[in-house]
2 protein chains.
Amino acid sequence: MEHLPSWLLTQTAAHAGRLVTERFAEVGARGYHYRLLETLLGGPASQAELGRRTGIHLSDMVAVLNELTADGYVERSPDPADKRRNVVTITDRGRERAAELAARAEAIQDELLTPLTAAERAELVRLLSLLRKGAAPA
Amino acid sequence: MEHLPSWLLTQTAAHAGRLVTERFAEVGARGYHYRLLETLLGGPASQAELGRRTGIHLSDMVAVLNELTADGYVERSPDPADKRRNVVTITDRGRERAAELAARAEAIQDELLTPLTAAERAELVRLLSLLRKGAAPA
DNA sequence: CGACTAACGTTAGGTGGACTAACGTTAGTC
DNA sequence: GACTAACGTTAGTCCACCTAACGTTAGTCG
């Protein structure tokens, strides 16, 4: 069983997930928060668009945006051009939060990848990216 | 964010997890079932020992063994040498089930790793194994 | 031999990520 | 105006993973 790539993937991802959960929990955040704030640094977007970019399901998006809005990290406003949509915008406070979480995310990578050399890290990223492409319509 | 190894890991693991869930659900199984049956092929063991070998938490172990026992794949009996313990044994029916799930697991690897060459697959396994060792006391 | 600690197994519950289904409003097309 | 699709929301499920508390049993120690 330990020879199975899917097993190795899910076990190492569980380890990565624990690191992410622990380090973000130290500042009252979760993985979804980081994912959304990072995406919004690229500019305002609708909830549906954010869902497409981040992989967060629309039903979960509502809850996460509620949390980020309550904490003042993002703002939601109706799109005057299309009343079906909200436009979600990051706030200054949200930019700071994104920077804080990004720093934590980088530290997590270092911790996670400690057993690997720099060349091995690059190769791992390359191989995982190939697998990601193979799973595109996720 | 897409450059982060932890992100790539969790996204590819989610993809692997979906494949595992879908393929096993086709025959009414889950990942924990396969993990336990595979481990029991190595001989009878206590629940605590099974927990240590598989990484399945003891509280989840109870539920999974209940399911496998109900379906006739394993048997539980008290250990005469130590009444605190149960001894869990795979049945003939369980061996067949393990073989069926192992075949599915191999097919999942092929599907998951389609974008990679044989050399790349070996390298991915090597790199992930290194990361697993780095997270040993999980 | 009783007190204490640890192992074992069970029950009950929680978390986070991921997902489904149904609904009401809005926009675009025919 | 009817129809279809997009958008956002609500309510829920599933799975892997995890914590806490409890009762029974076994081993150690004074």
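By convention in this document, chain letters (A, B, ...) are assigned in the order of the sequence lines, proteins followed by strands, and residues within each chain are numbered from 1. Just so it is clear, the structure is predicted and the values come from calculations on it, not from any experiment.
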Identity of whatever pairs with C:dA27 - Watson-Crick or G-U, under 3.5 angstrom: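 Check on C:dA27: paired to D:dT4, both distances under 3.5 Å.
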
Residue matched to D:dC15 through Watson-Crick or wobble contacts both under 3.5 angstrom: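 The base-pairing partner of D:dC15, which may sit in any strand shown, is C:dG16.
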
B:I90 side chain reached by B:L41 side chain, heavy atoms, under 4.5 Å: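 When only atoms from C-beta onward are counted, B:I90 and B:L41 do touch, with a gap below 4.5 Å.
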
Student check: side-chain heavy atoms of B:L131 and A:L124 closer than 4.5 Å: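 Side chain of B:L131 against side chain of A:L124, heavy atoms only: contact under 4.5 Å found.
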
Base of C:dC19 paired with side chain of A:S59 (donor-acceptor, under 3.5 Å):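 A donor-acceptor contact between them is present.
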
Write down the distance between [atom1] ([X]) and [atom2] ([N]), rounded to a whole number of angstrom.
X     : N      : atom1 : atom2 : answer
B:Q11 : C:dG16 : CD    : P     : 18 Å
B:E67 : D:dA16 : CD    : C1'   : 13 Å
B:H57 : C:dG9  : NE2   : P     : 13 Å
B:L65 : C:dC8  : CG    : P     : 15 Å
B:D82 : D:dG27 : CG    : P     : 6 Å
A:K83 : C:dG28 : NZ    : P     : 11 Å
B:Y34 : D:dC15 : OH    : P     : 19 Å
A:E22 : D:dT19 : CD    : P     : 9 Å

Shortest side-chain distance from [X], nucleotide among [options]:
X     : options                : answer
A:R30 : C:dA18, D:dA16, C:dG16 : C:dG16
A:R18 : C:dT26, C:dG17, D:dC17 : D:dC17
B:Q47 : C:dT10, C:dG17, D:dT10 : C:dT10

5' precedence on DNA chain C between A:A81 and B:D60 (nearest-nucleotide basis):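 With A:A81 and B:D60 compared, the 5'-side residue is B:D60.
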
First of A:A29 and B:S46 reached from the 5' end of DNA chain C, by closest nucleotide: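 It is B:S46 whose nearest nucleotide is closer to the 5' end.
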
At less than 4.0 Å, is any side-chain N or O atom of [X] found next to OP1 or OP2 of [N]? Yes or no.
X     : N      : value
B:R85 : D:dT25 : no
B:R84 : D:dA26 : no
B:N86 : C:dT10 : yes

Touch class at under 4.0 angstrom, heavy-atom based, for A:G17 against every strand present: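 The residue A:G17 makes no contact with any strand.
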
A:L65 side, atom CG; A:L58 side, atom CG - distance, nearest 0.5 Å: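 The CG atom of A:L58 is 10.0 Å from CG of A:L65, to the nearest 0.5 Å.
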
Gap separating the CG atom of A:L128 from the CG atom of B:L128, nearest 0.5 angstrom: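 Between A:L128 CG and B:L128 CG, I get 6.5 Å after rounding to 0.5 Å.
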
Member of A:R23, A:R104, A:R121 meeting the salt bridge (Lys or Arg N to Asp or Glu O under 4.0 Å) criterion with A:D110: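 Among the candidates, only A:R121 passes.
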
